[in-house]
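For reference, the structure discussed in these notes is given below.
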Amino acid sequence: MHAHRVPRVTTTHEPPTAPSNPEPAPAHHVTTAGGWTSKTWLLLLVLCGALFLDSLDISMVGVALPSIKAALGMDPSSLQWIVSGYVLGYGGLLLLGGRAADLIGRRPVFLGAVAVFGVASVATAFIDLPAALIALRFIKGVAAAFTVPAGLSIITTTFAEGPARNKAFSIYTVCGASGFSLGLVFGGLLTEVSYRLTLLFPGPIALALLVLGWKVIPHTAPSETFSLKRFDVAGALTSTGALLILVYTVVQAPHLGWASPTVLILFAVSALLAVAFVVTEVKHPHPLVRLAILKSVRLVHANLAGFVMFGGYAAFQFLVTLYVQDSLGWSPVAMSLAFLPAGLLVVASATKIDAVLDRVNSTVLVAVGLTAFLGAYVWFLRAEAGASYWLFLFPTILLLGVGFALTFPAVNSQATEGVSDDEQGLASGLLNTFIQVGGAVMMAVVTAITTSAGTEALPGHLLPGMTTAIAVVVGLTLVGLAGTVSVLALARPGRSDGAPVPGPEVPADVRGPEVGSTARD
């Protein structure tokens, strides 16, 4: 499940410097929610299309994994990198992508990233080397990390705050949510013909969006003067490097031995890079992450809940996709239709959840959502040979849909509540990073568990180590739920909720244009 809720995406909290020789302000500025011109709709089509492709791509590729595995002779430890490479590229560089939009300009960053995404998609369809395929998937994730914040900022600077922006964001959110559901269907249909069509499909659409975007995306000046010193490249490289090495080490450890010198050295390198990231953020004048913001209990809770939510789901879907296609012999279409009810629940709730958030504490919604996830995974532990879809999988799918419909928007809301306008991008960027990293790390963990079991699944039987792997997902979700209950217990009247520590004051006359907003603004 890769549904999107609209965050703010400005990642700077330093007072921006007015750019020299600014470009003209956009001539096309939408101030009302009615009577939009054709150019308005075309612009929104481009921005929504890019977000749609991000959701579509992950769900389509998830359906195609067993076919890719069979065609390229990949084992599960390498197969998971097709998904993990994408989400690590996306999550690891999302904050840097927001900075690039600020410093280089929203239009060039968006169009350049869409072009890379499209070309990489086309190239993956003709690749037979697993390593090259994984590398291109990582590149696509990096492109998405630059496309999403730039696209959000274009919406905010084009549609005036109020009814016009709310309408645009409502459409944008639904497109992100529906991308996953349709991706399952398209992935199943295309994989029946060839997995290569599944890899190729987003490419031509992205390139068509590039051509259309070139014509309709307005020219605007960067919100800050360009300077390499304002790019925290060291922070981006050390954080992404630490995550890549951690995931690689967890996946390889069953083959090499958890106590082998190579594994221990790789774990140490990952830890050193993580320390280097923290040191960089403390010393850099324009860090990707102002560490003091992590003093907020609610923000930290939202990030960890996002990690648990998507980490558990990504690992579960990876296992179940291989199980139902490889062991039970389901076709890709049957598998995609089996998961479709969860996606439809998320789409149906996308335009209604704001009203619920207005009435119910976001932490309560997270608790209910994680309980639904927990119930879904526990129910699936009953799976056995010969059980019908309606008994062993359908209840799980419905509970997953409920879990996502409640948890995803709740953690987005909580992560940005009480955060100053100039750090909304940092807060939402952190959350999306934790969500993506959760998926990559947990997929590595369950892959290590199933790989340790050593043999391929027999027809009709569970994957080796599958019960243990799902039990780990259950344990992770239990820990996340316990943490949420603890936050609820601590949030009694008179107790501090750990509100975010304010960033440096930025005078209104020098603050750059706000480049993102929640649908609830």
Side-chain angles (χ1 to χ4, degrees), residues 2-4 6 26 28 30 36-61 63-64 86 89-90 97 100-101 104-127 133 136-137 139-155 157-159 168-169 171-191 193-220 347:
H2 198 65
H4 288 266
V6 179
H28 184 66
V30 182
W36 287 2
T37 66
S38 58
K39 185 175 182 180
T40 302
W41 284 108
L42 287 174
L43 173 62
L44 196 57
L45 172 66
V46 171
L47 302 177
C48 290
L51 182 68
F52 179 85
L53 285 182
D54 175 36
S55 301
L56 187 86
D57 185 88
I58 287 184
S59 58
M60 283 201 308
V61 169
V63 176
Y86 183 95
Y90 178 34
I104 298 174
R106 302 173 187 93
R107 174 186 163 92
V109 168
F110 180 86
L111 293 177
V114 169
V116 171
F117 188 96
V119 172
S121 296
V122 173
T124 58
F126 301 96
I127 293 293
L133 177 59
L136 284 169
R137 293 288 298 167
I139 290 172
K140 287 183 66 174
V142 172
F146 284 76
T147 300
V148 171
L152 282 167
S153 67
I154 292 170
I155 286 183
T157 53
T158 301
F159 294 86
F169 276 147
I171 297 170
Y172 190 76
T173 302
V174 171
C175 286
S178 61
F180 174 81
S181 300
L182 291 178
L184 288 171
V185 177
F186 290 158
L189 293 173
L190 294 173
T191 302
V193 180
S194 171
Y195 79 88
R196 294 184 186 275
L197 289 178
T198 305
L199 297 174
L200 174 67
F201 185 76
I205 298 176
L207 296 176
L209 291 175
L210 173 65
V211 174
L212 186 57
W214 188 272
K215 298 179 179 179
V216 300
I217 294 178
H219 292 271
T220 57
V347 173

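- For the atom pair SG (C48) and CG (L209), the distance works out to 10.5 Å, reported to the nearest 0.5 Å.
- Expressed to the nearest 0.5 Å, how far CZ of F201 lies from CG of L189 amounts to 10.0 Å.
- Heavy-atom minimum distance, A150 versus V109: CB-CG1, 3.9 Å.
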L199 and I127: CA distance, side-chain angles, deciding distance, side chain to side chain contact (heavy atoms under 4.5 Å, CB included) verdict: CA-CA 10 Å; L199 297 174; I127 293 293; over 6 Å; no
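- You'll find the side chain of K140 stays beyond 4.5 Å of the side chain of Y90, heavy atoms only.
- For the pair L43/I154, a side-chain contact is recorded, criterion being any heavy-atom separation below 4.5 Å from C-beta on.
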Verdict with supporting geometry, F110 and V46, side chain to side chain contact (heavy atoms under 4.5 Å, CB included): CA-CA 10 Å; F110 180 86; V46 171; 3.7 Å; yes
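- The backbone N or O of V347 sits nowhere less than 3.5 Å from a side-chain atom of S178 that would complete a donor-acceptor pair.
- Between F186 and V63 there is no side-chain heavy-atom pair separated by less than 4.5 Å.
- Residues L42 and K215 are not in side-chain contact: their nearest non-hydrogen atoms beyond the backbone lie 4.5 Å or more apart.
- In this structure, the side chains of Y86 and V61 stay at 4.5 Å or more apart for every pair of heavy atoms.
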Derivation of the side-chain hydrogen bond (donor to acceptor under 3.5 Å, both in side chains) call for T40 and T37: CA-CA 5 Å; T40 302; T37 66; 3.1 Å; yes
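- Looking at every heavy atom in both residues, A144 comes nearest to D54 through CB-OD1, 4.2 Å.
- The OG1 atom of T147 lies 10.0 Å from the CG atom of L51; values are rounded to the nearest 0.5 Å.
- Looking at R107, its side chain does come within 3.5 Å of a backbone N or O of W214 through a donor-acceptor pair.
- Separation of atoms CZ (R106) and CG (L111) is listed at 13.5 Å; rounding is to 0.5 Å.
- Counting heavy atoms from C-beta outward, F117 and D57 have side chains that approach closer than 4.5 Å.
- The backbone N or O of L56 sits less than 3.5 Å from a side-chain atom of S59, completing a donor-acceptor pair.
- Taking each heavy atom of G176 and S55 in turn, the nearest pair found is O-OG, 2.9 Å.
- Taking every heavy atom of both residues into account, L152 and Y172 meet most closely at CD2-CE2, 3.3 Å.
- Across all non-hydrogen atoms, the minimal contact from A115 to L207 is O-CD2, 4.3 Å.
- Considering all non-hydrogen atoms of both residues, A50 and V114 come closest at CB-CG2, 4.5 Å.
- For the pair I171 and L44, the minimum side-chain heavy-atom distance is below 4.5 Å.
- Residues S194 and L200 are not in side-chain contact: their nearest non-hydrogen atoms beyond the backbone lie 4.5 Å or more apart.
- With values rounded to the nearest 0.5 angstrom, L190 atom CG is found 6.5 Å from M60 atom CE.
- Take R196 and apply the salt bridge (charged side-chain N to carboxylate O under 4.0 Å, His left out) test, not counting sequence neighbours, and it matches D128.
- Looking at T191, its side chain never comes within 3.5 Å of a backbone N or O of G188 through a donor-acceptor pair.
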